[in-house]
*Asks:* 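Dropping the structure in here first, questions after.
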Amino acid sequence: KLANAAEEDMELNRQSKPATSKLKMLEFFAGVAEKRSYHAHLFDKGVLMLLAAWLKPLPDGSLPHAMIRSTIFTILLEKMPIDLDDETRKKQLAWSGLGMLVRYYLEHKEETQENKLLAKRLIEKWSRVIF
């Protein structure tokens, strides 16, 4: 469902319609992410790739809704942190492209200051382990 929402939003945007599928699923995903017992399964099933798809700018260059971005950043910081001591998780983060997207939002002129702060915290957290 979550992957389909990202694809639906891309298609809706191509049709010049409001991309609202991810926004409708956001509360559901946030609820799932809070359940620690699901984390290992989510990571094993590629949740980082999914989150990258949710954060990716839409075909017309517009950004996903600010609430989507802030919720994902908060989830990664507080609800579902990535254990970078685990080599598999470290590789998953690298392959997902999520770090580059978070950096993109940190530097994007239209990103909110609140989200820039969350993005900065994520990058600092992830960089500390890598360096």
*Asks:* For Ala52 versus Ser96, what's the shortest heavy-atom pair and its separation?
*Replies:* CB-O, 3.4 Å

*Asks:* Quick check for you: to the nearest 0.5 Å, what is the distance between Glu27 atom CD and Met67 atom CE?
*Replies:* 10.5 Å

*Asks:* Around atom CE of Met49, are there more than 12 heavy atoms of other residues, nucleotides or ligands at under 6.0 Å?
*Replies:* no

*Asks:* Under a single-linkage definition using a 4.5 Å side-chain heavy-atom cutoff for Ile, Leu, Val, Met, Phe, Trp and Tyr, are Leu50 and Leu58 assigned to the same hydrophobic cluster?
*Replies:* no

*Asks:* Less than 4.5 Å apart, any side-chain heavy atom of Thr88 and any of Phe43?
*Replies:* no

*Asks:* Is there a path of hydrophobic side-chain contacts, each under 4.5 Å between heavy atoms of I/L/V/M/F/W/Y residues, joining Phe28 to Ile72?
*Replies:* yes

*Asks:* Give a yes or no on whether the backbone of Ser21 and the side-chain of Asp9 come within a donor-acceptor separation of less than 3.5 Å.
*Replies:* yes

*Asks:* Taking Glu34 for the side chain and Lys79 for the main chain, is one N or O donor matched with an acceptor at less than 3.5 Å?
*Replies:* no

*Asks:* Measuring only between side-chain heavy atoms, which start at C-beta, is Pro57 closer than 4.5 Å to Tyr105?
*Replies:* yes

*Asks:* Does a donor on one side chain sit under 3.5 Å from an acceptor on the other, for Asn115 and Glu111?
*Replies:* yes

*Asks:* Are the side chains of Lys22 and His65 in contact, using a 4.5 Å heavy-atom criterion?
*Replies:* no

*Asks:* Just checking Lys56: does its NZ atom have more than 12 heavy atoms from other residues, nucleotides or ligands closer to it than 6.0 angstrom?
*Replies:* no

*Asks:* Rounded to the nearest 0.5 Å, how far does CG of Leu118 lie from OG1 of Thr74?
*Replies:* 4.5 Å

*Asks:* Among the clusters formed by ILVMFWY side chains lying less than 4.5 Å apart, do Leu117 and Ile123 turn up in the same one?
*Replies:* no

*Asks:* Could you check Ile68 against Leu23 for side chain to side chain contact (heavy atoms under 4.5 Å, CB included), going step by step and ending with a plain yes or no?
*Replies:* CA-CA 7 Å; Ile68 292 170; Leu23 203 50; 3.9 Å; yes

*Asks:* Ignoring hydrogens and geometry, is there a side-chain-to-backbone donor-acceptor pair from Ser70 to Ala66 under 3.5 Å?
*Replies:* yes

*Asks:* If you take all heavy atoms of Leu93 and Gly99, which pair is closest and at what distance?
*Replies:* CD1-N, 4.4 Å

*Asks:* Tell me, yes or no, whether the heavy-atom count around Tyr38 atom OH, taken from other residues, nucleotides or ligands under 6.0 Å, exceeds 12.
*Replies:* no

*Asks:* Tyr104: which residues meet the ring-ring contact (aromatic ring centres under 6.0 Å, His included) condition with it, sequence neighbours left out?
*Replies:* His108

*Asks:* Return yes if some donor-acceptor pair links the side-chain N/O of Asp60 with the main-chain N/O of Asn13 below 3.5 Å, else return no.
*Replies:* no

*Asks:* Within a strict 4.5 Å, meaning less than it, do heavy atoms of the Phe29 and Thr71 side chains meet?
*Replies:* no

*Asks:* Is any side-chain heavy atom of Leu98 closer than 4.5 Å to one of Leu76?
*Replies:* yes

*Asks:* So, for Pro59 and Met10, which heavy atoms are closest and what is the spacing to 0.1 Å?
*Replies:* CD-SD, 3.2 Å

*Asks:* Starting at NZ of Lys116, measure out to CD of Glu110 and round the result to the nearest 0.5 Å.
*Replies:* 10.0 Å

*Asks:* Taking Arg121 first and then Glu124, would you say they form a salt bridge - that is, a charged N and a carboxylate O separated by under 4.0 Å?
*Replies:* no

*Asks:* Is there a side-chain contact between Met80 and Val47 (heavy atoms, below 4.5 Å)?
*Replies:* yes

*Asks:* What about Leu77 and Leu42, same hydrophobic cluster or not, with Ile/Leu/Val/Met/Phe/Trp/Tyr joined at side-chain heavy-atom distances under 4.5 Å?
*Replies:* yes

*Asks:* Any salt bridge linking Asp44 with Arg89? Criterion: basic side-chain nitrogen under 4.0 Å from a carboxylate oxygen.
*Replies:* yes

*Asks:* For residues Trp95 and Leu48: do they belong to one hydrophobic cluster (side chain heavy atoms under 4.5 Å, members Ile, Leu, Val, Met, Phe, Trp, Tyr)?
*Replies:* no

*Asks:* If you measure from the Lys or Arg side-chain nitrogens to the Asp or Glu carboxylate oxygens, is any gap between Glu107 and Arg103 under 4.0 Å?
*Replies:* yes

*Asks:* Between Trp54 and Leu2 (side chain of the first, backbone of the second, donor and acceptor by atom type, cut-off under 3.5 Å), is there such a pair?
*Replies:* yes

*Asks:* Is Glu11 atom CD crowded by more than 12 heavy atoms from other residues, nucleotides or ligands, each under 6.0 Å away?
*Replies:* yes

